[in-house]
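Mind having a look at this structure? Questions to follow.
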Amino acid sequence: TFTWNSMISAFTKSGFLDVAVGLFNSMPEPDQCSWNSMVSGFAQHDHFFEALEFFVKMHREDFILNEYTFASALSACAGLIDLKIGTQIHSSVSKSPFLSDVYMGSALIDMYSKCGSVFSAQKVFDGMTKRNLVSWNSLITCYEQNGPANEALRIFLRMMECGFEPDEVTLASVVSACASLSAIAEGSQIYVRVIKSDKFRDDLVLGNALVDMYAKCGRIKEARWVFDRMPIRNVVSETSMVSGYAKAASVKAARLMFTKMTDRNVVSWNALIAGYAQNGENEEALGLFRQLKRESVWPT
RNA sequence: CCUCGAUUCACGACGG
């Protein structure tokens, strides 16, 4: 069984879910760990519905659910934005010995956050006896995504007062909050912190968040500065620049950026089309839309 | 430390 489980885990981690299912079905007696691997494997690869199917089947076959099971199932509920099942799982967790588990708390916060229930997320956080970085990050992200975004900044300060060192996840969330608040001063403070740190300087997601913050705040020069200094860029970085140019400079500059992009997806196309539309250049917007259809770019 | 778990980035539309 140990060997079977090792193999299942290897395949779920690398995304060969069908192979994992095959192994799972052919093993003589799957145990709790095998089931957990299936639930987590599907949840981690965005097959949330199937993850929950394994979860309920596991439950029906009277396997003991543990903190691993619940955390993965909650993550699936978050992905499905299923507050109903998420709340049911919460009440099961409350009756279990796992309520004080840090992973459990963070998973619950994130589930409520993704479902838009800010108050419930906050309540879970307040009730936690032990917290770690991820618990704080989950709450910061909750306010960043659902608002009020300035609450994300306040939680961030509180987190540091409590002696926690932010990681790249923390900082990316905080920078996003700054973007929606147009809090350039605070965002720039994060920026200096980032460039001074070997750990953060080359982080793609964090760099993208900073570029996007400056772009959204109309500080296209600063956005460009950060963008040019990123060791690695991707379609997200470039799309932020396209939007930024359209907003703060000109659609012409946005288009130039767009034509130099190495990858384009629907989001980048939309960004440019929106740029034209917002400038009243509807004919151009329509032309791009037709070109988009011609090139068969579809949402993923 | 190695069989299973939680958090981060870009545009638009729709629904509420």
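Numbers restart at 1 for each chain; the letters A, B, ... are given by sequence-line order, proteins then strands.
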Scan residues 216-271 of chain A for pairs that pass ring pair (Phe, Tyr, Trp, His ring centres under 6.0 Å), counting only residues two or more places apart or in two chains. F258(A)-W269(A)
Just checking A71(A): base, sugar-phosphate only, or nothing, at a heavy-atom cut-off of under 4.0 Å? base
Given atom NZ of K199(A) and atom P of U8(B), what is their separation to the nearest angstrom? 16 Å
Is it the case that the base of A6(B) and the side chain of N137(A) share a donor-acceptor contact (distance under 3.5 Å, atom types as modelled)?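 Side chain to base: no pair present.
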Are there more than 12 heavy atoms of other residues, nucleotides or ligands under 6.0 Å from atom CG of L286(A)?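 Check passes, neighbour count above 12.
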Do the charged groups of R60(A) and E53(A) touch, with an N to O distance under 4.0 Å? no
Please check this pair: side chain of S197(A) against backbone of F200(A), looking for a donor-acceptor N/O pair closer than 3.5 Å.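 Side chain of S197(A) to backbone of F200(A), a donor-acceptor pair under 3.5 Å: yes, one is there.
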Residues touching RNA chain B, which here means a heavy atom under 4.0 Å, drawn from residues 150-171 of chain A: E168(A), V169(A)
Gap between atoms CZ and C1', on F42(A) and G5(B) respectively (whole Å): 16 Å
Is the number of heavy atoms from other residues, nucleotides or ligands within 6.0 Å of CZ (F164(A)) greater than 12? yes
With the sugar-phosphate defined as primed atoms, P, OP1 and OP2, and the base as all remaining atoms, what B/S/- string results for nucleotides 9-16 of chain B, 5' to 3', for protein heavy atoms under 4.0 Å? BBBS----
Show which side-chain atoms of residues 3-10 of chain A pair as donor or acceptor with protein atoms under 3.5 Å away, not counting sequence neighbours.
from, atom 1, to, atom 2, distance (Å)
N5(A), OD1, S34(A), OG, 2.7
N5(A), ND2, D31(A), OD1, 3.2
S6(A), OG, F2(A), O, 2.9

Whole-Å distance separating the CD atom of E29(A) from the C1' atom of U3(B):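 For the pair E29(A) CD and U3(B) C1', the rounded distance is 16 Å.
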Side chains of S138(A) and D110(A): is there a donor and an acceptor less than 3.5 Å apart? no
Could you tell me whether K196(A) atom NZ has more than 12 heavy atoms of other residues or ligands within 6.0 Å of it? no
Does anything in residues 271-300 of chain A pair up under ring pair (Phe, Tyr, Trp, His ring centres under 6.0 Å), and if so which pairs, sequence neighbours excluded? none
Contact class for S37(A) (heavy atom, under 4.0 Å): base, sugar-phosphate, or nothing?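 Sugar-phosphate contact only - S37(A) comes under 4.0 Å of backbone atoms but never of a base.
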Please determine if R158(A) and E161(A) form a salt bridge, counting it only when a charged side-chain N lies under 4.0 Å from a carboxylate O.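 No, R158(A) and E161(A) are not salt-bridged.
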Does the G5(B) base have a donor-acceptor partner in the side chain of D101(A) within less than 3.5 Å? yes
Measure CG/L74(A) against P/U7(B) and give the value in whole Å, please.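 Going from CG in L74(A) over to P in U7(B) covers 10 Å.
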Specify the separation, in whole Å, of atom CD of Q32(A) and atom P of U3(B). 16 Å
RNA chain B contacts made by residues 111-129 of chain A, counting heavy atoms under 4.0 Å: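 Contacts with RNA chain B under 4.0 Å: K114(A).
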Measure from CG on N36(A) to P on G5(B) and round the result to the nearest Å.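 In whole Å, G5(B) P lies 9 Å from N36(A) CG.
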Is it true that R264(A) and E238(A) make a salt bridge, defined as a side-chain N closer than 4.0 Å to a carboxylate O? no
Could you check how far CG of N5(A) sits from P of U3(B), rounded to whole Å?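 Whole-Å distance recorded here is 10 Å.
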Would you indicate, yes or no, if C4(B) has its OP1 or OP2 atom less than 4.0 angstrom from a side-chain nitrogen or oxygen of Q44(A)?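 No, Q44(A) has no side-chain N/O under 4.0 Å of OP1/OP2 on C4(B).
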Roughly how many Å is it from CG in L52(A) to P in G5(B), rounded to a whole number? 16 Å
Between F125(A) and R131(A), is there a cation-pi geometry (under 6.0 Å to ring centre, at most 45° from the normal)?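 The answer is yes, since R131(A) meets both limits relative to F125(A).
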